Every structure is written in C-alpha cells, then in structure tokens.
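The block underneath contains the structure these notes are about, expressed in structure tokens.
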Amino acid sequence: MARILMVASEAAPFAKTGGLADVVGALPRALAELGHEVAVVMPRYGNIPTADMTHAWGNLIAYLGRHAISADIWTKQERGVTFFFVDTPWLYDRFGYYGHADDHLRFGNLCLNALNVIRFLWRPDVVHLHDWQSALVAPYLKTRFQMDPTFQGIRIVYTIHNLEHQGRLGKALFPELGLDSWLMQMDFMEYFGDVNLMKGGIVFADAITTVSPRYAAEIQTPEFGFGLDGFLRAYSGKLRGILNGVDYREWDPSIDTHLAAPYSSEDLAGKRDCKLRLLRKLGLPEENMDRPVLGIVSRMARQKGFDILSEVAWELMNDDVCLTVLGSGEKRYEDLFRNLETAFPGRAATFFGFNDTLAHEIEAGSDIFLMPSLFEPCGLNQIYSLRYGTIPVVRATGGLDDTVDGETGFKFWGYWPPDFLLAVRAALAEYKNPEAWQARMRRAMSRDFSWASSARQYSGLYRQLLGR
Ligand code: ADP
C-alpha cells in the first residue's frame, strides 16, 4: 500500500465552493479504506478553527521571488485521513477563496508548504494535485528541487476538475513564483503571453487524470479544450478519465435526515411527502402535487446550460409543470428565474443562495432534474438525482454522458434549445404513464456510483506509477 499526499485548495467539510471539495473530502477516505495512508494539505482559511488541532511546525519560510512568506502548519485527523493546514492569516483569512490579486502568492505559498510538509512531517510515495491552485508543486519538484534528495522518487498525479479555470496570470507575476525563467516558454508555462499554472501541472506530472472518461476525450478537442486541447493531445499518453464517486452516506433517500420521510426503490411512498414539504417550503400551492415538479440545484454560470434553458423556459412552463430552483451566481441567470416567478405565479420558485438542506429536499421532492450543461467534467447532482428517483434530463456531455443512460434518464446531444425541449417533453410524456415512470425510477435508484470503484482505479494508477 502507498502513502498519498493530496494538495488542494478546498476539501469538505472544511471549505467548499463546489464539486472539488466533495472529491477531496471523500476520495482520501475511500483510499484509506483500501489500506492506503492518506494526507491532505490545504490552506487554513479564516473560517477553519485551530482549537482542536495540533501545532505541527512553526515559522516556515516560502521564498516566492522578492517575497519571504512565513507559515505555521496545523494538523488534525479527520475520518482516517491526516489533514495539514497551511496557516498564513494575511493570505487566507479573507472573504472568498479565489479571485484575489495575489492568488499566485496565496497558492504558491500553499505549494511550497506542501513541500515543507513532505520535508519535515509526512513523506509520501505519490503527491496528488488538484486543479490550478496546487499545480505549481509539479514544476517545483521537477525543476527547482530536482536535485534535492528529500524528494527523490516521489511520483506526481495531477487531476483536472475543470479546464475552464487554469490559473492564468499576467507575465509580470512570473518572477514571483520562484521558478526558472526558461519555464516561461510556450512548451511549458507560457500561454498567449501570460503565465498558465495548469500547464505546469500538465507538463511535469507523471500522470494526468480528469473526472470522467468522456471529459478526458472532450478536453482534447477545440470545442472543450479552452485553448489547451492541442497541449493536452501532446500529453494524451499520460491522460485518463476516472469517474468521481458520490458519498451515499450523505446522499441516499433511505437514510437522509434532511427529508420529510425516507423512501427507497422498494417503497416509494415517502417521496410524495418530500414533494409536499418542498412545495410548502418554497411557498408553492399544493395543487402542484398533481403536476410534474422540475428541479435544479446549480451554480448559476454559463457552464450549466442556462442560456439554452432561458430560450425554452416559457414554452416549457406552458406545458403545465412546476419549477423549483436552488442556486446563485451570475445576475443574468438569477433574473431569468425571477422573471419566471413573476410570469408563472404559484408554479415557479427559486431560492438564491447556498443551502445544503434545500439541495437535499429538491433532489428528493422533484420528479425530474434538469442539467442541460454546456460542458460538465463530471457533475454530481445528476448522480444524486438517480439515487433519489428524480429522473435526470441532461445534455450528453462529460460526466453526464457517462452516468446517465437511456434506461435511467433522458439525454440530448446538441447544445441547442429545441433539442433540450424535446428531451424534457419526452420525460413529461413518460411521466403520464405511472407504471413506466416508476420502473424507470427503480432502475435509476439501483445504479451505483459509490467511491469504492473510483478509489480502486486511482489505487491502480498509483501502483502503476510506483511499479508495484
Ligand atoms: P460544480 O463543481 O461545477 O459546481 P458539481 O455538480 O460537480 O458542480 O458539484 C456541485 C456541488 O455543490 C454538489 O454537491 C451540489 O449539491 C452543491 N451545490 C451547488 N449549488 C448549491 C447551492 N446553491 N446550495 C447547496 N449546494 C449546492
């Protein structure tokens, strides 16, 4: 068995803005259950208290160009996994995890302190990096610290969770990364005159993974490559897709404590109670019990397909459906849902914000779940929907294509409003036939996307890299 050190900018339950946190929260635990020793290095953001942690090391200095940044390391065990928190309050104790002018220092400091953890506290066989925020570990290990015996033999896995966000910086910031100037070339980290942190991870990792097999193929095409498709094609020999799992301890209607009533594929009765509570909670009249309820839980961003939804939303609502939505993000999409509430009073309701309980309640209380994404590296909500018997209508892209099939959900291919509308209408037509619908619900609920199988694939990859 191997020792694996993950480096990431977020991990549930400590810090979460999206699916990355779910993965870094759950995969280490699943690997530990397979017998690996696993640790995670992440920033100590202001919302993470140190009261129940051990002070592991003090005043470590990270040299980033002209900056010498001091950090302390705190540690704590969480469900069989060792967490190390890099504590530099002036960098991490802020509102919002990303989007700061000094993000290169914030995450450069994280990456150099991951190497400090390796040097002083916890030496792994493999470092496993996630997205652009931890990508710098790869060029540090393979260039700046290449001759340092401390790090000899450590293998690097780099996982792309979303290619849209690459960590792009103005070239004036390159000297502040503490890397040799030859890396500022197109074959390494230069990108249209800027610095691209993700490129550093791609070039120097021993293996690259992304979060679904379909997305691994898609990101090598211009349509999904965000300018890096050619670069990724050059490294396709070390790139593969491993589908994310989901945590059924959190997301299973037979044990979900957020719900009005439990239910399962053997006994679906509780789902009606969940539907009723959802309607009441969102202030929608009970007459909607007789209508199909469509659900959405999502960041309101272009990626999630709201442009094609907005084209067909009025026509769809005229099919006598009810719509329940949870999310927040770009104003133009929030306005779309506000306008629908006004146009269809009593049949559409949106909660703007982040609310874990309501996310569970929409998964359970809706009949049909909509995910018409423009692109979707893996996507978790469609997998939750399957387990909750809430039939997903999805665009066949990325992880949506890998997890939903014609037996369990409804798919459409082109990013094209009429195709989306046709797919929803196919679902609505079948909904009118309770026997066929319930059979579909039961098939969906029996699908298994638990972490164990994904963790086994990562485990195989580590073994392959270590020659074991
Ligand atoms: P992404 O990482 O692109 O946002 P995923 O589907 O991979 O999309 O993961 C999103 C995660 O965040 C899921 O666990 C989902 O339930 C949760 N989520 C998204 N928006 C909200 C919200 N407004 N309130 C609560 N949970 C949310």
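Start at 1 and go down the list; that is how both ligands and their atoms are numbered. Worth saying up front: this structure is predicted, and the values here are computed from it rather than measured.
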Once salt bridge (charged side-chain N to carboxylate O under 4.0 Å, His left out) is applied, do any residues pair with Arg447, and if so which ones, sequence neighbours excluded?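 In terms of salt bridge (charged side-chain N to carboxylate O under 4.0 Å, His left out), with neighbours along the sequence ignored, Arg447 is linked to Asp405.
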Contact between His128 and Tyr462 at the side-chain level, heavy atoms closer than 4.5 Å - yes or no?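 Yes, their side chains come closer than 4.5 Å.
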Between Phe420 and Phe412, how do the two ring planes meet: parallel, tilted or perpendicular, split at 30° and 60°?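 Judged by the thresholds at 30° and 60°, the geometry between Phe420 and Phe412 is tilted.
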Asn162: what forms a side-chain contact (heavy atoms from CB on, under 4.5 Å) with it, not counting sequence neighbours?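 Counting only residues at least two positions away or on another chain, Asn162 forms a side-chain contact (heavy atoms from CB on, under 4.5 Å) with Glu164, His165, Tyr215, Arg299, Gln303, Phe375, Pro377.
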Every pair of nitrogen or oxygen atoms between ligand 1 and the protein that is under 3.5 angstrom apart - can you list them with their distances to 0.1 Å?
residue: ligand 1; atom: 2 (O); partner: Gly19; partner atom: N; Å: 2.7
residue: ligand 1; atom: 3 (O); partner: Arg299; partner atom: NH2; Å: 2.7
residue: ligand 1; atom: 3 (O); partner: Lys304; partner atom: NZ; Å: 2.9
residue: ligand 1; atom: 4 (O); partner: Arg299; partner atom: NE; Å: 2.7
residue: ligand 1; atom: 6 (O); partner: Leu380; partner atom: N; Å: 2.9
residue: ligand 1; atom: 8 (O); partner: Lys304; partner atom: NZ; Å: 3.2
residue: ligand 1; atom: 14 (O); partner: Lys16; partner atom: NZ; Å: 3.2
residue: ligand 1; atom: 14 (O); partner: Asp22; partner atom: OD2; Å: 3.0
residue: ligand 1; atom: 16 (O); partner: Asn381; partner atom: OD1; Å: 3.2
residue: ligand 1; atom: 23 (N); partner: Gly353; partner atom: O; Å: 2.7
residue: ligand 1; atom: 24 (N); partner: Asn355; partner atom: N; Å: 2.9

With sequence neighbours excluded, tell me which residues meet ring pair (Phe, Tyr, Trp, His ring centres under 6.0 Å) with His104.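 Ring pair (Phe, Tyr, Trp, His ring centres under 6.0 Å) list for His104, sorted by chain: empty.
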Can you confirm if the NZ or CZ of Lys199 lies within 45° of the ring axis of Tyr191 and under 6.0 Å from the centre of its six-membered ring?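 Not satisfied by the 6.0 Å and 45° rule.
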